[in-house]
Amino acid sequence: MIVRTTDEITGTDRDVAAEGWRSKRIILGGDGVGFSFHETTIQARTTHEFHYANHVEAVWLIEGEGTLYDLDNDVRYELGPGSMYLLNGHERHRLETRSRMRMLCVFNPPVTGQEVHDENGVYPLVAVPQ
């Protein structure tokens, strides 16, 4: 059984931040459950492009509003509290926030540590470190 709070993750290597966003890695690949589970916040009035070439991601928006653009299929979605989206086709996507967003994210296969994106969708942290 794993029991954690986001407070105990704050300031550790499970608390990952980059320009405009912060993600608390509650469950990671090393926890051995087959997925990772994160609480992510994204600052208001920011734009972020993501591509997960190696992961399926499910996102449930808890608070905030914005627009999600599926860049591969030229579709846009308005998001608000209670919205869920699933990136099951490795879609390149852009998220534009109107207000601060807080979301819960599940990745399969699990993320193993620090998150690194690049324009080619390379996500080098698929394997659990030895």
Side-chain angles (χ1 to χ4, degrees):
M1 182 178 295
I2 298 171
V3 177
R4 292 194 175 105
T5 68
T6 53
D7 287 344
E8 69 189 66
I9 292 169
T10 301
T12 71
D13 62 352
R14 289 177 179 254
D15 188 2
V16 179
E19 188 172 330
W21 61 267
R22 180 179 189 180
S23 186
K24 294 186 180 185
R25 278 56 165 126
I26 300 163
I27 301 293
L28 286 172
D31 293 317
V33 296
F35 64 90
S36 60
F37 179 66
H38 312 169
E39 178 191 52
T40 300
T41 55
I42 302 178
Q43 292 176 358
R45 295 173 301 284
T46 60
T47 300
H48 304 273
E49 289 197 16
F50 299 107
H51 177 217
Y52 301 111
N54 302 308
H55 298 270
V56 171
E57 180 191 19
V59 177
W60 181 35
L61 186 61
I62 302 297
E63 63 184 58
E65 295 181 338
T67 305
L68 175 68
Y69 296 89
D70 176 340
L71 301 176
D72 291 333
N73 299 299
D74 195 30
V75 181
R76 80 184 249 174
Y77 302 93
E78 294 303 317
L79 302 176
S83 298
M84 190 286 301
Y85 61 91
L86 176 64
L87 302 164
N88 60 346
H90 308 292
E91 298 88 351
R92 296 175 192 276
H93 57 288
R94 180 174 67 239
L95 184 60
E96 295 178 359
T97 63
R98 288 188 291 281
S99 57
R100 177 183 170 268
M101 288 185 156
R102 186 169 68 95
M103 56 192 63
L104 301 176
C105 309
V106 175
F107 288 85
N108 186 16
V111 174
T112 63
Q114 296 288 317
E115 183 173 3
V116 179
H117 300 286
D118 74 18
E119 64 278 5
N120 296 315
V122 174
Y123 208 137
L125 300 168
V126 176
V128 176
Q130 300 298 320

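More than 12 heavy atoms of other residues, nucleotides or ligands lie within 6.0 Å of CG in Asn88, so this atom counts as buried by the packing criterion. Atom CD of Glu19 sits in a sparse spot, with 12 or fewer heavy atoms from other residues, nucleotides or ligands closer than 6.0 Å.
The aromatic rings of Phe50 and His93 are tilted relative to each other, their planes meeting at an angle between 30° and 60°.
Minimum heavy-atom separation, Arg25 to Ile9: O-CD1, 3.7 Å.
Asp7 is linked by a side-chain contact (heavy atoms from CB on, under 4.5 Å) to Thr5, counting only residues two or more places apart in sequence or in another chain.
Of the candidates Asp72, Leu71, Asn73, Asn73 is the only one forming a side-chain contact (heavy atoms from CB on, under 4.5 Å) with Val75. Residue Asp15 forms a salt bridge (charged side-chain N to carboxylate O under 4.0 Å, His left out) with just one option from Arg4, Arg22, Lys24, and that option is Arg22.
Side chain to side chain, Arg98 and Thr67 meet the donor-acceptor criterion of an N or O pair below 3.5 Å.
Electrostatic pairing of Arg92 and Glu49 does not count as a salt bridge here, judged by no charged N lying under 4.0 Å from a carboxylate O.
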Requested in this report: I would like to know whether Glu39 and Arg102 meet salt bridge (charged side-chain N to carboxylate O under 4.0 Å, His left out); could you show each step before the answer?
Outcome: CA-CA 7 Å; Glu39 178 191 52; Arg102 186 169 68 95; 2.8 Å; yes

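Separating the OG atom in Ser99 from the CZ atom in Arg45 is a distance of 9.0 Å, to the nearest 0.5 Å. Here Cys105 contributes atom SG and Leu61 contributes atom CG; the two are 9.5 Å apart, rounded to the nearest 0.5 Å.
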